[in-house]
Protein chains: 2
Amino acid sequence: MGKTRSAPTLNDVAKASGVSTATVSRCLNSPERVIETTRKRVLQAVKTLGYTPNFAAQVMAANRSFTIGAIIPTMDNAIFARGLQEFQDQLRESGYTLLVSSSAYDPEVEREQIRTLVARGADGLLLIGHARDADVYAYLERHQVPSLVAWSYDPHMHPPSVGFGNAAAMGELAQSVISAGHRHIAMISGNTQGNDRAQARVEGVLRAMDENGLDANSLALIETTYEIEKGAEAFDQLMSLSPRPTVVMCGNDVLAAGALRQADLMGISVPEQVSVTGFDDIELAEVVSPALTTVHVPHREMGRKAARELIAMVEGKSEGRSICIDTRLVNRGSLAKPPRQ
Amino acid sequence: MGKTRSAPTLNDVAKASGVSTATVSRCLNSPERVIETTRKRVLQAVKTLGYTPNFAAQVMAANRSFTIGAIIPTMDNAIFARGLQEFQDQLRESGYTLLVSSSAYDPEVEREQIRTLVARGADGLLLIGHARDADVYAYLERHQVPSLVAWSYDPHMHPPSVGFGNAAAMGELAQSVISAGHRHIAMISGNTQGNDRAQARVEGVLRAMDENGLDANSLALIETTYEIEKGAEAFDQLMSLSPRPTVVMCGNDVLAAGALRQADLMGISVPEQVSVTGFDDIELAEVVSPALTTVHVPHREMGRKAARELIAMVEGKSEGRSICIDTRLVNRGSLAKPPRQ
DNA sequence: ATGGAAAATGCAAGCGCTTACATTGATGGA
DNA sequence: TCCATCAATGTAAGCGCTTGCATTTTCCAT
């Protein structure tokens with residue numbers, strides 16, 4: 001009897017240990033409510049049967065999943081990897097599981113994935129950046145799923161965000177570039193469409209130029225996707241401009257790595273002839289040569305704080321505070337004075 | 001009435017459109033079984049109510065989740081990113097969702113995550129490499145969850161695998177190294193404990209040495225974790241050996257990048273004084289200088305084929321075939337003849 | 001018109017769990 | 001000795017969906 005080949009259920013455990021399903025459930029979820037002798041017997045049965053609770057059933061019954069969803073634009077490069085890893089570790093410590101999907105920078109895919117994660121009973125959601133349609137937020141509202149934005153910081157926006165001021169950070173770097181004497185500035189940006197981080201970084205550069213009396217319209221700007229290859233292509237184009245830029249500021253380290261590769265290929269020496277800067281300070285930045293002058297983003301710290309805040313929100317202990325993470329410039333040598341005329 | 005603030009259910013939709021829940025369910029899952037007029041009405045209600053099916057309930061009722069789980073050792077670097085991205089894309093095309101977790105190379109964590117994914121009703125599982133305790137496989141067996149191994153290939157093992165021959169690929173590279181004239185060979189390997197890929201790569205080098213009449217015991221071998229920093233440290237140690245190795249073969253591109261960085265730091269020129277090789281051919285390999293001579297692994301192809309095979313298994317269309325993916329050497333310049341004495 | 005097959009829809013039984021409430025049995029103070 | 005109290009456990013009602021089977025409707029050949 002009971003020789004079916006399928007996974008054991010709560011009921012099986014209950015029978016095997018001669019108690020009710022309620023008691024088994026309590027053994028697993030609030031052991032202190034069950035007397036020791038019973039508990040031992042039950043846990044023994046759990047072990048011998050190799051019982052694992054059916055998650056879907058738990059979610060349905062308890063209306064709680066201890067699952068947090070995260071939707072990142074891409075897993076294809078390391079930009080989000082480190083922060084997300086820390087986010088996950090922190091969640092695990094608090095008994096939550098992380099579900100990740102990547103949207104390939106496509107708002108439609110992202111919308112779909114948000115629905116999926118909500119349908120899966122995610123207790124909370126981590127999103128990247130604020131830029132998305134209002135109906136997405138309305139949907140989250142209706143389903144009462146707390147959400148948090150990361151990699152971006154804007155205390156006036158909803159949802160709350162744990163991140164850094166992209167514009168300010170890039171502005172600081174731009175200031176440093178200008179102070180070094182550069183006047184012909186180029187920028188390779190990630191696509192700004194639907195990407196507030198990319199937008200803000202461009203803005204940071206423009207503002208710094210403005211503040212230093214440079215014509216912001218003179219910025220040679222190329223937008224492209226965050227791929228090494230694309231960075232290389234863009235750099236190639238920029239080099240045929242006249243006057244040729246003396247510095248190429250990149251929207252992130254990936255693009256910068258592409259730019260460096262292309263420079264090498266073209267026999268342009270960095271930083272002697274052209275300076276190049278990055279953003280993010282992922283591992284790549286240290287490994288290319290010359291190593292990148294870039295903006296260091298404390299990804300782990302961000303991941304950790306985001307996790308804590310989101311858990312607090314999920315558990316009703318916080319209404320959602322925004323947290324600003326400090327970035328800092330890292331000088332590694334890919335930025336120098338422009339060459340003499 | 002019905003003014004509760006929570007998400008709409010099938011029942012709500014049924015009432016709103018004046019049909020039974022069965023009909024609504026059918027509208028969503030097998031529309032052809034419902035007459036057009038009804039269907040339109042129902043779908044309209046779905047839209048206005050903003051209904052999303054409750055996933056947990058679906059899984060419970062249908063005992064099917066259209067979810068595939070993948071557990072990778074790490075998200076922290078790009079080794080698995082590309083293949084996994086393709087895996088996911090392929091799954092999506094077939095209507096499946098991917099759930100990813102990373103185990104941090106810890107078998108206990110991995111075991112836990114396998115349980116989690118199974119409990120979540122994953123229809124199938126993608127694992128990396130074959131090396132894990134038998135009870136894990138027994139558990140999967142009992143729960144009848146089809147699983148597939150990737151990044152590794154061994155047609156004689158269960159579960160079936162879609163990957164490449166790590167030993168053979170590394171052996172080929174080693175052959176190339178030896179043919180170039182190197183006699184003092186060093187290797188920086190990933191930790192081989194519980195990592196059959198790392199083991200196989202070491203084995204590939206040893207075998208090639210043996211086949212070429214070199215003493216396999218003379219291989220200077222350091223094991224460490226797959227981090228740039230660790231690669232640098234290991235390289236540093238190897239350089240103080242005597243006789244100094246003329247080539248450092250690395251277990252993957254990440255380690256090789258670290259080695260190159262350290263070489264640069266120590267003023268050792270690559271490949272003039274010491275050659276360095278990688279494995280994987282991730283983007284990093286093209287960006288460092290000199291660009292890495294490495295083994296190209298067609299990650300996307302592997303991801304795609306793995307997805308197809310696993311889906312076939314899940315849908316009962318395949319018993320599980322193993323598929324071998326071809327790798328190839330990529331010569332980029334970090335490997336040259338050893339320097340003259 | 002009319003019977004009957006086929007198409008469309010409804011009914012209701014679960015899926016495996018949690019939990020409010022009910023029941024049982026000790027325990028101890030009056 | 002008796003009953004209020006409390007700890008331990010059991011009972012059973014859902015959670016929101018799918019689906020086998022029953023019922024109703026449609027439609028056509030007669």
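Every chain is numbered from 1, with letters handed out A, B, ... down the list of sequences. Hydrogens, waters and symmetry mates play no part in the numbers below; they use all other heavy atoms, side chains included. Computed from a prediction, not measured in an experiment: that's the story for all the values here.
Judged purely by atom type and a 3.5 angstrom limit, A:S17 uses its side chain to pair as donor or acceptor with the backbone of A:V13. Distance alone, capped at 3.5 Å, is enough to place a donor-acceptor pair between the A:H130 side chain and the A:P159 backbone. Checked by atom type and distance alone, the side chain of B:E86 never pairs as donor or acceptor with a backbone atom of B:M302 at under 3.5 Å. Between the side chain of B:S161 and the backbone N or O of B:D154, at least one donor-acceptor pair lies under 3.5 Å. Although no hydrogens or angles enter the test, the distance criterion places a donor-acceptor pair under 3.5 Å between the side chain of B:R39 and the main chain of B:V34.
B:Y51 comes within contact range of the sugar-phosphate backbone alone, with a heavy-atom separation under 4.0 Å but no base atom that close. Among the heavy atoms of the strands lying under 4.0 Å from A:S25 is at least one base atom, whether or not backbone atoms are also near. Across all strands, B:N63 comes closer than 4.0 Å to no nucleic acid atom at all (heavy-atom distances). As judged by a 4.0 angstrom heavy-atom cut-off over every strand, A:V34 is placed among residues touching the sugar-phosphate backbone only. Within 4.0 Å of A:I35, counting heavy atoms only, lie sugar-phosphate atoms of the nucleic acid but no base atom. Backbone-only contact: B:A62 has heavy atoms under 4.0 Å from sugar-phosphate atoms and none from a base.
Checking B:T37 against A:N54, the closest nucleotide of DNA chain C that is more toward the 5' end is the one next to B:T37. Nearest-nucleotide positions on DNA chain D for A:M60 and B:Q58 put A:M60 closer to the 5' end. For the pair B:N11 and A:T21, both in contact range of DNA chain D, the more 5′-proximal nearest nucleotide belongs to A:T21.
Between the side chains of B:S65 and B:D123, a donor-acceptor pair is found at a separation under 3.5 Å.
A rotation axis mapping the C1' atoms of four pairs onto the next four is fitted at both ends of the helix from C:dA1-D:dT30 to C:dA30-D:dT1 over five pairs, and the angle between these axes is 50° to 10 degrees.
One interatomic measurement links the two molecules: CZ of B:R26 to C1' of D:dT19, which rounds to 8 Å at whole-angstrom precision. Taking atom CD of A:E32 as the reference point, atom P of D:dT9 lies 13 Å away to the nearest angstrom. Atom CZ in A:R33 sits roughly 12 Å away from atom C1' in D:dC6 (whole-Å rounding).
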Counting only pairs under 3.5 Å, give me each side-chain donor-acceptor contact of residues 310-320 of chain A, with atom names and distances, residues two or more places apart or in other chains.
from   : atom 1 : to     : atom 2 : distance (Å)
A:E315 : OE1    : A:K317 : NZ     : 2.9
A:E315 : OE2    : A:Y96  : OH     : 2.8
A:S318 : OG     : A:E309 : OE2    : 2.7
A:S318 : OG     : A:G320 : N      : 2.8

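Bracketed by its first and final contacts, the part of DNA chain C lying under 4.0 Å from non-hydrogen atoms of chain B reaches from C:dA8 to C:dG16 in 5' to 3' order.
Atom CZ of A:R321 sits in a sparse spot, with 12 or fewer heavy atoms from other residues, nucleotides or ligands closer than 6.0 Å. With a 6.0 Å radius and a threshold of 12 heavy atoms from other residues, nucleotides or ligands, B:D106 has its CG atom above the threshold.
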